[in-house]
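What follows is one structure encoded as C-alpha cells, with my remarks underneath.
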Protein chains: 2
Amino acid sequence: MPKPDTQPARSIDINYQTLNRFVGYHMKRAFNVVQADLTQTLKPFDLRMLTYTALVLIVDNPGLSQSQLAAAMDIERPNLVVIVDELERRDLIVRNRVPADRRAYALKATLAGRRLYEKAVAAVVAHEARLFANLDTDTRDALIKALSTVRRNQNT
Amino acid sequence: MPKPDTQPARSIDINYQTLNRFVGYHMKRAFNVVQADLTQTLKPFDLRMLTYTALVLIVDNPGLSQSQLAAAMDIERPNLVVIVDELERRDLIVRNRVPADRRAYALKATLAGRRLYEKAVAAVVAHEARLFANLDTDTRDALIKALSTVRRNQNT
DNA sequence: TATTGTTATACTCTATAACTATA
DNA sequence: TATAGTTATAGAGTATAACAATA
C-alpha cells in the first residue's frame with residue numbers, strides 16, 4: 001500500500017484496536033455527534049439540551065416540582081435552579097406556590113413556553129430524521145431497545 | 001389503577017411521552033449509566049476516561065504526536081496538554097523530542113504505563129461484560145453497527 | 001427531624017486566543 | 001507563513017455542604 005511521495009501533511013493512520021472492542025467507546029463517539037448536532041438544532045430557539053429537556057418535561061407534566069424535575073432529569077437540585085431561573089426569566093414557565101405545601105413550586109409552561117416547545121420539538125424531530133436516516137425503523141427500534149436494556153442494568 | 005391511600009412520599013409518575021420518542025434521549029440516558037460505571041471502574045487505577053483513553057491510544061500507537069492524539073481523541077490540543085502532563089508525571093509515558101521535527105513530541109508508554117494499561121483494560125472488559133450482560137453477541141454487534149452508522153452521518 | 005428551594009463552591013470537560021520555538 | 005506545543009481564560013455541566021422556610 002504505497003503512500004504518495006509528497007505526503008499530505010503527514011497522513012495519520014491511528015490504530016484503534018483496543019478502543020474499538022468496547023461498546024461504551026462507540027456510544028460516546030456516536031453520542032458526541034448527536035449532541036453536537038442537537039446543540040446546533042436548538043441554538044435558533046436559544047435553548048440548550050438542559051433547558052430544552054426541562055421545558056419538555058414541564059409541558060408534559062404541568063405542576064411538577066423542582067425536586068421531581070431534577071429527579072426526572074437525573075441532575076442535582078442545585079443545578080436545576082439556574083435552569084428554571086432562565087426559563088422563568090424568559091417567561092416560558094411560571095413558578096406557582098403550592099398551597100398544600102408552601103415549600104414547593106408548581107412549575108407550569110406559559111403559552112409562549114408551549115409555543116416554543118412545539119417549534120423546538122418539531123426541529124428535534126427533523127434533526128433525528130436527518131441523523132438516523134440510514135437506520136430503518138426496525139434497526140432504530142432495536143437500538144432503542146438495546147439502549148433501554150443497558151440503562152436497566154444500572155444497579156447490577 | 002388505584003394508588004395506596006397513604007402515599008409513599010408523594011409518588012412520582014413522570015410523563016416522558018415526548019422525550020421517549022427520541023433516539024438521542026435514550027442514547028444520553030444509556031451513556032450516562034455507562035460513563036458513571038466506567039468512572040468507578042477506572043478509579044482504582046487513578047484514571048479518568050480521558051487519561052485512560054490517552055494511555056490506550058499511546059500504547060497502541062507508540063511515537064504519535066500530541067496533535068495526532070488530540071485529533072484521535074476529538075479534543076482540542078490545549079486540553080490534551082494537562083492529560084499528557086499527568087501521564088508523564090506519573091511515569092506512565094515519556095515525551096521524546098522528534099529529531100526530524102524538533103517542535104513535536106513522540107509519545108511512548110513506559111513499562112509502568114503498559115502494565116497499568118493491561119490492568120485497566122482488563123477491568124474495563126469486565127465492566128462491559130457486566131453492563132451489557134443482557135445483550136447477546138448479535139444484539140451487541142448490531143448496536144455497535146448502528147452507532148457507527150450514526151457517527152458516519154456526521155457530515156450529512 | 002425531614003424536605004424544598006437556594007447559595008456558594010469546586011471540579012471536570014470543553015473551547016478560543018495568543019504566545020514560543022521551531023519548520 | 002505555518003505548525004507543535006503551551007499558557008491563560010472562560011464557559012458549560014456536575015457534585016457536595018450548608019442555609020432559610022416550611023412541613
Side-chain angles (χ1 to χ4, degrees), chain A residues 7-12 28-29 31-33 35-36 38-40 42-43 46-54 58 63-89 93-107, chain B residues 7-12 28-29 31-33 35-36 38-40 42-43 46-54 58 63-89 93-107:
Chain A
Q7 291 181 344
R10 196 205 289 193
S11 64
I12 41 178
K28 178 175 173 58
R29 297 301 291 251
F31 180 64
N32 279 354
V33 172
Q35 191 175 33
L38 181 61
T39 299
Q40 288 310 113
L42 294 175
K43 188 168 276 182
D46 258 309
L47 290 169
R48 290 163 293 132
M49 249 182 57
L50 285 170
T51 50
Y52 164 76
T53 306
I58 293 169
L64 91 169
S65 70
Q66 292 188 191
S67 287
Q68 290 170 330
L69 180 54
M73 291 178 65
D74 234 322
I75 64 176
E76 299 302 317
R77 267 82 71 209
N79 297 325
L80 183 65
V81 173
V82 289
I83 295 168
V84 172
D85 280 350
E86 181 177 335
L87 293 175
E88 187 189 38
R89 180 181 48 74
I93 65 162
V94 289
R95 280 197 252 228
N96 290 327
R97 279 290 179 198
V98 179
D101 184 347
R102 298 196 47 258
R103 292 172 302 182
Y105 286 121
L107 305 176
Chain B
Q7 291 179 343
R10 198 207 285 193
S11 64
I12 41 177
K28 178 176 172 56
R29 296 302 290 251
F31 180 64
N32 279 354
V33 172
Q35 190 175 34
L38 181 61
T39 299
Q40 288 310 113
L42 294 175
K43 188 168 279 180
D46 258 310
L47 291 170
R48 291 163 292 130
M49 251 181 54
L50 286 170
T51 50
Y52 164 75
T53 306
I58 294 169
L64 91 170
S65 70
Q66 292 188 193
S67 288
Q68 290 171 330
L69 181 54
M73 291 177 66
D74 233 323
I75 65 177
E76 299 302 318
R77 267 82 73 211
N79 297 326
L80 183 66
V81 173
V82 289
I83 296 169
V84 172
D85 280 349
E86 181 179 335
L87 293 175
E88 186 189 38
R89 181 181 47 73
I93 66 161
V94 288
R95 278 197 251 230
N96 290 325
R97 280 289 180 199
V98 180
D101 184 347
R102 296 197 46 261
R103 293 171 302 179
Y105 286 120
L107 304 176

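Values in this document were obtained by computation on a predicted structure and should not be read as measured data. Heavy-atom basis, side chains included; hydrogens, waters and symmetry copies ignored. Residue numbers start from 1 in every chain, and the chains themselves are labelled A, B, ... in the order their sequence lines are given, proteins ahead of strands.
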Write down the distance between [atom1] ([X]) and [atom2] ([N]), rounded to a whole number of angstrom.
| X | N | atom1 | atom2 | value |
| --- | --- | --- | --- | --- |
| A:Leu80 | C:dT7 | CG | C1' | 15 Å |
| B:Glu88 | D:dT6 | CD | C1' | 13 Å |
| A:Asn96 | C:dG5 | CG | C1' | 15 Å |
| B:Met73 | C:dA15 | CE | P | 13 Å |
| A:Leu69 | C:dG5 | CG | P | 10 Å |
| B:Leu107 | D:dT6 | CG | P | 9 Å |
| A:Arg97 | D:dT22 | CZ | P | 7 Å |
| B:Asp85 | D:dA4 | CG | P | 18 Å |

If you take atom types as modelled and just measure distance, does the side chain of A:Arg102 reach the base of D:dT22 with a donor-acceptor pair under 3.5 Å?
-> no

What are the two closest non-hydrogen atoms of [X] and [Y], and how far apart are they?
| X | Y | value |
| --- | --- | --- |
| A:Asp46 | A:Glu86 | O-OE2, 4.2 Å |
| B:Ala70 | B:Arg77 | CB-CD, 3.8 Å |
| A:Ala54 | A:Leu69 | CB-CD2, 4.2 Å |
| B:Gln66 | B:Leu107 | CG-CD1, 3.9 Å |

Could you check B:Asn79 against B:Ala100 and say which one's nearest nucleotide on DNA chain C is further toward the 5' end?
->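 This one resolves to B:Asn79.
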
Between A:Arg95 and B:Glu76, which is nearer to the 5' end of DNA chain C once each is assigned its nearest nucleotide?
->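 The residue mapped nearer the 5' terminus is A:Arg95.
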
Map A:Leu50 and B:Arg77 onto DNA chain D by nearest heavy atom, then report which one ends up closer to the 5' terminus.
-> B:Arg77

Taking for each residue the nucleotide of DNA chain D with the nearest heavy atom, is it B:Leu64 or A:Arg48 whose nucleotide lies nearer the 5' end?
-> B:Leu64

Could you check which of C:dA8, C:dG5, D:dT6 has an atom nearest any side-chain atom of A:Pro78?
->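 Given the options C:dA8, C:dG5, D:dT6, the side chain of A:Pro78 is closest to C:dA8.
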
Could you work out which one of D:dA2, D:dA23, C:dG5 sits closest to the side chain of B:Arg103?
-> D:dA2

Is the phosphate of D:dG5, meaning OP1 or OP2, less than 4.0 Å from a side-chain N or O of B:Ser67?
-> yes

Ignoring backbone atoms, test whether B:Gln66 places a side-chain nitrogen or oxygen under 4.0 Å from the OP1 or OP2 oxygen of D:dT6.
->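 Looking at the OP1 and OP2 atoms of D:dT6, one of them is under 4.0 Å from a side-chain N or O of B:Gln66.
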
Atom pair CG/CG of A:Asp74 and B:Asn32 - distance to nearest 0.5 Å = 6.5 Å

